[in-house]
Amino acid sequence: MATREIAKRAQALRAAIDDANYRYYALDAPTISDAEYDRLFRELQVLESDHPELVTAESPTQRVGTTPTREFATVRHRVPMLSINNAFGDEEVEAFDRRVREALDVEAVEYSCEPKLDGLAINLTYERGAFVQGTTRGDGFAGEDVTPNLRTVRGIPLRLRTDHPPRLLEVRGEVLMYKRDFEALNARQQEHGEKTFANPRNAAAGSLRQLDPRITAARPLRFSGYGIGEAQGFAAPQTQSGLLDALGRMGVPVSAERAVAKNVAGLLAYYRRLAGNRASLAYDMDGVVYKVNRLDQQRALGFVARAPRFAIAHKFPAEEATTELAGIDVQVGRTGAITPVARLKPVFVGGVTVTNATLHNEDELRRKDIRVGDTVVVRRAGDVIPEIVRAVPGTRKPGAPEFHMPTRCPVCGSAVVRLPDEAVARCSGGLFCPAQRKQALLHFASRRALDIDGLGEKIVDQLVDGELVHTPADLYRLTLEDLARLERMAEKSAQNLLDALARSKETTLARFVYALGIRNVGEATARDLAAHFGTLEPLMDADEETLQGVPDVGPVVAASISGFFRERHNRDVIRALRKAGVTWAEGAPRTAAQGHAAGKTFVLTGTLPNLTREEATELILSRGGKVSGSVSKKTDYVVAGAEPGSKLAKAEALGVAVLDEAGLRRLLKG
DNA sequence: GATCCTCGAGTTCT
DNA sequence: CTCGAGGATC
């Protein structure tokens, strides 16, 4: 064959393979068999290996993966990749529609509806139609460059199918794995003695984050596009649904389940249809997304902080699973609270394997009438903490006894008492109880208290059981030799712990008061007390009446505080701590707050780009503001970052002002 | 006395 | 995140 003919043949093979990929992945309508596909692919490989000069970056043979990289480079997004607010019920969707119609001042709005795929959001950059870069979402502002890995994903076109490619087009979508592909992959992994994945989403994430693209190439990843980022020289359609159609025509796989709804009733009908099909669809979804269809209306609506006002994700209810209740244990908390904990036969729910779930207290247990041996329904509440919803009727084992709270503490044997009108039962042993002593030490060392890095549960167990440490002050007497004798504690980590202890001595009055673990005195109250008294002595000697002069301190809290400081033992520990070198800046009592945020209440949600939660809190406090944990009518500002929680939705519902990090900084500067 | 708003405390898994 | 309960407010 003449060189020209070979080149032509290679060209024809590439076109045929690209076309097969397009029909398979984008149209979901394959026209040739897998065997025929493999034959074409091998012929092209042979041709290219005989004539290396014919190989191009866009050749389908180049999807097999190049050599591994050391790490992924960070790339700033040209247009931030935003998150979408969530709706958890019909009412919230109706409220969303109402807000949209009011803002646009129209009778009805048309929406584009799409499944919310459970995968990883990525950004694909095309220059003059050629795929040049792909990045992960990251924090929304910058992500990781995973171009070589994305190149191996066969559903991602290496070249857009159009005669007039835009100068620049960023395609946004989700990388995911089909359920059946995930199962096959796990079976294969298991066969080869390699680790299996918990769910398709984790499998997709793990596959995409491989440093060696050849591994990614062997994983059955898919792509589904849902929007665009930066676009230059692109005649954008007028609507979201038109945009999806246009992407589809250019060879980008888009969801076949997409639809257009004329009004809010259409949205809810779409939701019910997809929720009903959930099990039979090839992929996992965590809900559906509604977007105002007309792009000019989208622009008019704009953004609130980090999320578009023109879109909302309607989430499916938390997944439930059933398993057997293997037993009920009890735990002893810092305040002596005895909490029953369900031990479950491991069950896979909401993407993780759950073995424990809290039962809160005796009343709750009674209410749900749960007994050991019952089959129970488990769900991950708020998608995080597992809870037992109910027992499945008719699964009770004959003679299964009712659960009773122990009358003696399982750790120290002291009496368990439950005060009238209280839901929790408590061990009355106080600091005599090793469990409470351990928890008190862990609290003292916790990040928001004295922040002693490396003092974890395992170490505290040994220190207390070995009688090396009784009170927090004893921690500062520990030597390298003491620590090196402990299990799982080599010299290096022992030294690290000593360093952390030394560092922790420099603290603040608020942290110190919080670290003491006074009942009913948490972070916020400790801060109020520190600000009000300025130094420790007047606080220690204050009577209950004086204490009630502090904001948010009433009779109960005042009694806890004065009771704590009246105890001889507690005063001794405090003296010993100060003697060991624990210090803080002695401030004058702060009276009226000053600064640009004076008297304003802030609530933080999501991840801010340049500030940690603690830094943001510090910043607000230093300008006289207050930071609270929950949103209400009294909240002045909600500061929202990436992936905000339900607080953002609540803020919008209540009409509370929402700021992003930049807005917060501007406000604090004045 | 009722109601709303906050805070404290406990909790799971990777 | 959620529940329970303390504090503030009317």
Side-chain angles (χ1 to χ4, degrees), chain A residues 86 88 195 197-199 201-202 205-206 318 329-344 346-365 367-368 378-389 418-427 435-436 438-440 442-443 446 448-449 457 510 513-529 544 547-561 601-603 605-606 626-636 644-647 649-650 654 656:
Chain A
N86 293 322
F88 291 97
K195 78 161 207 174
F197 296 96
N199 52 53
R201 188 185 185 281
N202 284 1
D329 289 347
V330 294
Q331 284 177 357
V332 185
R334 172 166 67 87
T335 61
I338 309 265
T339 317
V341 184
R343 306 292 175 203
L344 302 165
V347 60
F348 190 72
V349 55
V352 294
T353 304
V354 172
T355 50
N356 302 315
T358 177
L359 293 164
H360 296 114
N361 57 55
E362 200 175 3
D363 292 347
E364 167 116 354
L365 241 161
R367 237 189 338 263
K368 290 179 178 165
V378 179
R379 127 182 115 193
R380 292 223 295 158
D383 265 355
V384 190
I385 295 166
E387 70 172 354
I388 294 187
V389 185
R418 183 173 165 191
L419 296 176
D421 321 325
E422 278 210 348
V424 290
R426 293 179 200 277
C427 157
Q436 292 187 52
K438 287 175 187 173
Q439 293 295 328
L442 285 169
H443 173 80
S446 67
R448 310 170 106 95
E457 202 179 324
V513 171
Y514 172 64
L516 293 174
I518 304 166
R519 271 285 279 290
N520 301 313
V521 175
E523 230 186 331
T525 310
R527 230 157 27 210
D528 285 346
L529 290 169
E544 297 187 20
L547 287 166
Q548 289 193 48
V550 180
D552 296 321
V553 175
V556 177
V557 176
S560 298
I561 298 168
T601 302
F602 295 74
V603 174
T605 180
K626 228 173 102 80
V627 178
S628 161
S630 51
V631 181
S632 73
K633 278 184 290 189
K634 292 195 175 169
T635 310
D636 294 292
S646 56
K647 291 177 207 167
K650 184 142 186 218
L654 291 172
V656 172

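Residue numbering restarts at 1 for every chain, and letters A, B, ... go by the order of the sequence lines. It should be emphasised that the depicted structure is a prediction, and the values quoted were computed from it without experimental measurement.
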A:Ser632 side-chain N/O to B:dT6 phosphate OP1/OP2 under 4.0 Å: yes
List, with names and distances, any nitrogen or oxygen atoms from the protein found under 3.5 Å away from nitrogen or oxygen atoms belonging to nucleotides 8-10 of chain C.
unit_1 : atom_1 : unit_2   : atom_2 : d
C:dA8  : OP1    : A:Asp552 : N      : 3.1

Residues in side chain to side chain donor-acceptor pair (under 3.5 Å) contact with A:Lys438, at least two apart in sequence or another chain: A:Asp461, A:Asp465
Restricting to salt bridge (charged side-chain N to carboxylate O under 4.0 Å, His left out), what partner residues turn up for A:Arg418, sequence neighbours left out? A:Glu362, A:Asp363
Checking A:Thr355 now: which residues fulfil side chain to side chain contact (heavy atoms under 4.5 Å, CB included) with it, not counting sequence neighbours? A:Pro346
Can you give one letter per nucleotide of nucleotides 8-14 of chain B, going 5' to 3': B for a protein heavy atom under 4.0 Å from the base, S for sugar-phosphate only, - for none? SSSBBSS
Starting from P on C:dC3, measure out to CD on A:Glu387 and report it in whole angstrom. 7 Å
Gap between atom CG of A:Leu516 and atom CD1 of A:Ile561 - 0.5 Å precision: 11.0 Å
A:Lys368 meets the side chain to side chain contact (heavy atoms under 4.5 Å, CB included) criterion, sequence neighbours left out, with A:Glu364, A:Ile370
Residues in side chain to side chain donor-acceptor pair (under 3.5 Å) contact with A:Glu544, at least two apart in sequence or another chain: A:Ser562
Can I get a per-line list of side-chain donor-acceptor pairs under 3.5 Å for residues 331-343 of chain A, giving both atom names and the distance, sequence neighbours left out?
unit_1   : atom_1 : unit_2   : atom_2 : d
A:Arg334 : NH1    : A:Gly517 : O      : 3.3
A:Thr335 : OG1    : A:Arg426 : NH1    : 2.7
A:Arg343 : NE     : A:Asp329 : OD2    : 2.7
A:Arg343 : NH1    : A:Asn356 : OD1    : 2.8
A:Arg343 : NH2    : A:Asp329 : OD2    : 3.4

Quick one: list whatever passes side chain to side chain donor-acceptor pair (under 3.5 Å) with A:Asp636, sequence neighbours left out. none
